[in-house]
Number of protein chains: 2
Amino acid sequence: MSDTKTRILDAAEQLFGRNGFESTSLRAITTEAQVNLAAVNYHFQSKDALIDAVLERRIGPVTRRRLEMLDVAEADPAGLTLEKVIEAFAAPVVEAAMGQPGLAPLMGRIMATPGAFLERVFLRYMEAVKSRFLPALLRSGVRLPPEELFWRLHFMVGSLAHVLVFAPVMPAMSNGLCQLNDGRAIVNRLVAFCAAGMRAPVEQMEKEA
Amino acid sequence: MSDTKTRILDAAEQLFGRNGFESTSLRAITTEAQVNLAAVNYHFQSKDALIDAVLERRIGPVTRRRLEMLDVAEADPAGLTLEKVIEAFAAPVVEAAMGQPGLAPLMGRIMATPGAFLERVFLRYMEAVKSRFLPALLRSGVRLPPEELFWRLHFMVGSLAHVLVFAPVMPAMSNGLCQLNDGRAIVNRLVAFCAAGMRAPVEQMEKEA
DNA sequence: GTTTAATTGAAACATACGTATGAGTGACAC
DNA sequence: GTGTCACTCATACGTATGTTTCAATTAAAC
């Protein structure tokens, strides 16, 4: 039982997050991991399979924790609040990102990368989340037309994704104003912002000629 | 005056948006543009310079239009509203994306592209925007601690970016529920969501031991 | 019409990539 | 010991990339 596999996963996670999937070469990964180049094709079969493995290792637990937190919130006899639903969506990924430096940009990149790759990954991991959280939002008291609800969920996901994508540069970008050491505080801010957005009155559409 | 340069820019914009910057080869671009391979290194000096040119052609006008709309809003004797500020930020890029199919994914790409590149682009185009919109938010009546204000602006940008990133797949992802033909409607939704988020009461932080 | 500069063309350059190969190494079973 | 197995290693293969070269072509200037 060698930790070569783990070292490859760790290095790949770090470099994928920093430089993207396409621009990270297997040679860069194996150099960083201090492992032979062929090891990656031995333990995984290809670069694509390695990418899948890297994602599975991190997104799997986050998805499970999301659904778990939602279960707890829904079981609360005090009732399901909008804030609890949003927190169940945001907290697991933010907390995971805090504990694992280099994970945030990776998560962010997944959420911000369109195209074939996204469809493969996003549908695999996010379909379950979407199909559970959309009804939960309704059950928490949000009263919106389906279209409006979907757009606002979209905005919410965008806010979260942006936080993750820019996590590495956020302190510098804000001239030190915004730090990332306190994940709870970030989640709280995000929850407050998105809950208010979700509760915004629906814009009346003017008829067009 | 040949349009070779323009044809290269058009093809590059399309392919960069669809497949990303790194994964788009100059050969793919020149083939699509029906132009000789060497033309790209003749008219531009390198692939990096081509990327810069592609971005400048589209982001430049959007940035100018943003500041222009903010000028108009600030000159309004009726006073500067939060909604007007957010609209000045969101409308130009959404409208540009509507008029120029293939632009939205390109904008999205920028957000999803790593470290050094993003910092180069983001700082060049967004610094001016940030330094104008942050004060404008304050002047529009938003009363928030600086740190909270910055985070919420960050969330807002994230919502907008996400809309652009996922523009090509949004109809499919929502099972046809959310369409993109009406840019104004999207901007209105975004403004309503973000304005409410900006006005959310500030979460009181509990002291930690 | 001739000269000059700007542009395009086909081909080659060196380099980097993902992948495959086969020899080598260590541990453990019998 | 002698296999056997999982693993690691150095190296090579084929291909694709960004860039360069220099001749061919076109367009403008005088």
Side-chain angles (χ1 to χ4, degrees), chain A residues 1-57 105-106 109-110 113 115-121, chain B residues 1-57 105-106 109-110 112-121:
Chain A
M1 174 68 67
S2 87
D3 57 332
T4 299
K5 218 169 159 178
T6 305
R7 290 232 302 287
I8 292 175
L9 285 172
D10 288 340
E13 176 177 308
Q14 208 76 12
L15 292 174
F16 283 155
R18 197 172 325 147
N19 305 323
F21 299 104
E22 312 264 10
S23 343
T24 299
S25 68
L26 294 183
R27 284 167 176 81
I29 294 171
T30 53
T31 300
E32 171 78 14
Q34 301 193 69
V35 152
N36 189 272
L37 170 62
V40 62
N41 277 71
Y42 174 78
H43 288 285
F44 313 88
Q45 297 87 337
S46 65
K47 184 181 180 181
D48 272 344
L50 171 62
I51 294 176
D52 284 342
V54 168
L55 299 185
E56 175 57 37
R57 185 170 70 140
L106 178 70
R109 197 168 307 289
I110 296 162
T113 304
F117 167 80
L118 171 130
E119 281 171 51
R120 199 180 70 201
V121 173
Chain B
M1 173 68 70
S2 87
D3 57 332
T4 298
K5 219 169 158 176
T6 306
R7 291 233 301 288
I8 293 175
L9 285 172
D10 288 339
E13 176 178 306
Q14 209 75 15
L15 292 174
F16 283 156
R18 196 170 325 146
N19 305 322
F21 298 104
E22 311 264 9
S23 339
T24 300
S25 68
L26 293 184
R27 282 167 179 82
I29 293 171
T30 54
T31 300
E32 171 78 13
Q34 302 192 68
V35 153
N36 189 272
L37 170 62
V40 61
N41 279 71
Y42 174 77
H43 288 284
F44 313 87
Q45 297 89 334
S46 65
K47 183 180 181 180
D48 272 344
L50 171 63
I51 294 175
D52 284 343
V54 168
L55 298 185
E56 175 56 37
R57 185 169 69 142
L106 178 70
R109 272 300 159 189
I110 297 166
T113 303
F117 168 80
L118 176 130
E119 280 171 51
R120 198 180 71 201
V121 173

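Every chain is numbered from 1 and lettered A, B, ... according to where its sequence line falls, protein lines coming before strand lines. Below, each value reflects all heavy atoms present in this structure, side chains not excepted, and no hydrogens, waters or symmetry copies.
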> How many angstroms lie between OG in Ser46(B) and CG in Leu50(B), if you round to the nearest 0.5 Å?
Replying inline: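 Reported to 0.5 Å precision, the distance equals 8.0 Å.
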
> For the atom pair NE2 (His43(A)) and CZ (Arg7(A)), what is the distance rounded to the nearest 0.5 Å?
Replying inline: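 His43(A) NE2 to Arg7(A) CZ: 10.0 Å, rounded to 0.5 Å.
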
Measure [atom1]/[X] against [atom2]/[N] and give the value in whole Å, please.
X        : N       : atom1 : atom2 : result
Tyr42(B) : dA5(C)  : OH    : P     : 13 Å
Asp48(B) : dG18(D) : CG    : P     : 10 Å
Gln45(A) : dT19(C) : CD    : P     : 11 Å
Phe44(B) : dT19(D) : CZ    : C1'   : 16 Å
Asn41(A) : dT8(D)  : CG    : P     : 13 Å
Lys5(B)  : dT8(C)  : NZ    : C1'   : 15 Å
Asp3(A)  : dA6(D)  : CG    : P     : 19 Å
Lys47(B) : dT19(D) : NZ    : C1'   : 12 Å

Could you run down the sub-3.5 Å N/O contacts of the protein with nucleotides 9-11 of chain D?
from	atom 1	to	atom 2	distance (Å)
dC9(D)	OP2	Asn36(A)	N	3.4

Considering only distance and modelled atom types, tabulate donor-acceptor pairs under 3.5 Å from the side chains of residues 33-41 of chain B, sequence neighbours left out.
from	atom 1	to	atom 2	distance (Å)
Asn36(B)	OD1	Ala38(B)	N	2.9
Asn41(B)	ND2	Gln45(B)	O	3.2

> For dT8(C), does either OP1 or OP2 sit under 4.0 Å from a side-chain N or O belonging to His43(B)?
Replying inline: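 It does, given that an N or O in the side chain of His43(B) lies less than 4.0 Å from OP1 or OP2 of dT8(C).
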
> Are OP1 or OP2 of dT8(C) and a side-chain N or O of Thr4(B) less than 4.0 angstrom apart?
Replying inline: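 Yes, such a contact exists.
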
>> Tell me the closest heavy-atom pair linking Leu15(A) and Ala28(A), and the distance in Å.
In response: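 Looks like CD1-O, 3.6 Å.
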
> Which is it for Phe44(A) and Leu9(A) under the side-chain contact (heavy atoms from CB on, under 4.5 Å) test, yes or no, and what are the steps along the way?
Replying inline: CA-CA 10 Å; Phe44(A) 313 88; Leu9(A) 285 172; 3.8 Å; yes

> Of Thr4(A), Thr6(A), Asp10(A), which meets side chain to side chain contact (heavy atoms under 4.5 Å, CB included) against Ile8(A)?
Replying inline: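 Of the listed options, the one satisfying the test is Thr4(A).
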
> Run the side-chain contact (heavy atoms from CB on, under 4.5 Å) check on Thr24(B) and Gln14(B) step by step: do they pass?
Replying inline: CA-CA 10 Å; Thr24(B) 300; Gln14(B) 209 75 15; over 6 Å; no

>> Between Leu106(B) and Leu55(B), does the side-chain contact (heavy atoms from CB on, under 4.5 Å) criterion hold? Intermediate values first, please.
In response: CA-CA 9 Å; Leu106(B) 178 70; Leu55(B) 298 185; 4.3 Å; yes

> Quick one, which residues of residues 23-33 of chain B touch DNA chain D with a heavy atom under 4.0 Å?
Replying inline: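 Within residues 23-33 of chain B, the residues near DNA chain D are Thr24(B), Ser25(B), Leu26(B), Arg27(B).
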
>> Looking at Phe21(A), is its backbone amide N or carbonyl O close enough to the side chain of Lys47(A) to form a donor-acceptor pair, meaning the two atoms are under 3.5 Å apart?
In response: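 Between the backbone of Phe21(A) and the side chain of Lys47(A) there is a qualifying donor-acceptor contact (under 3.5 Å).
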
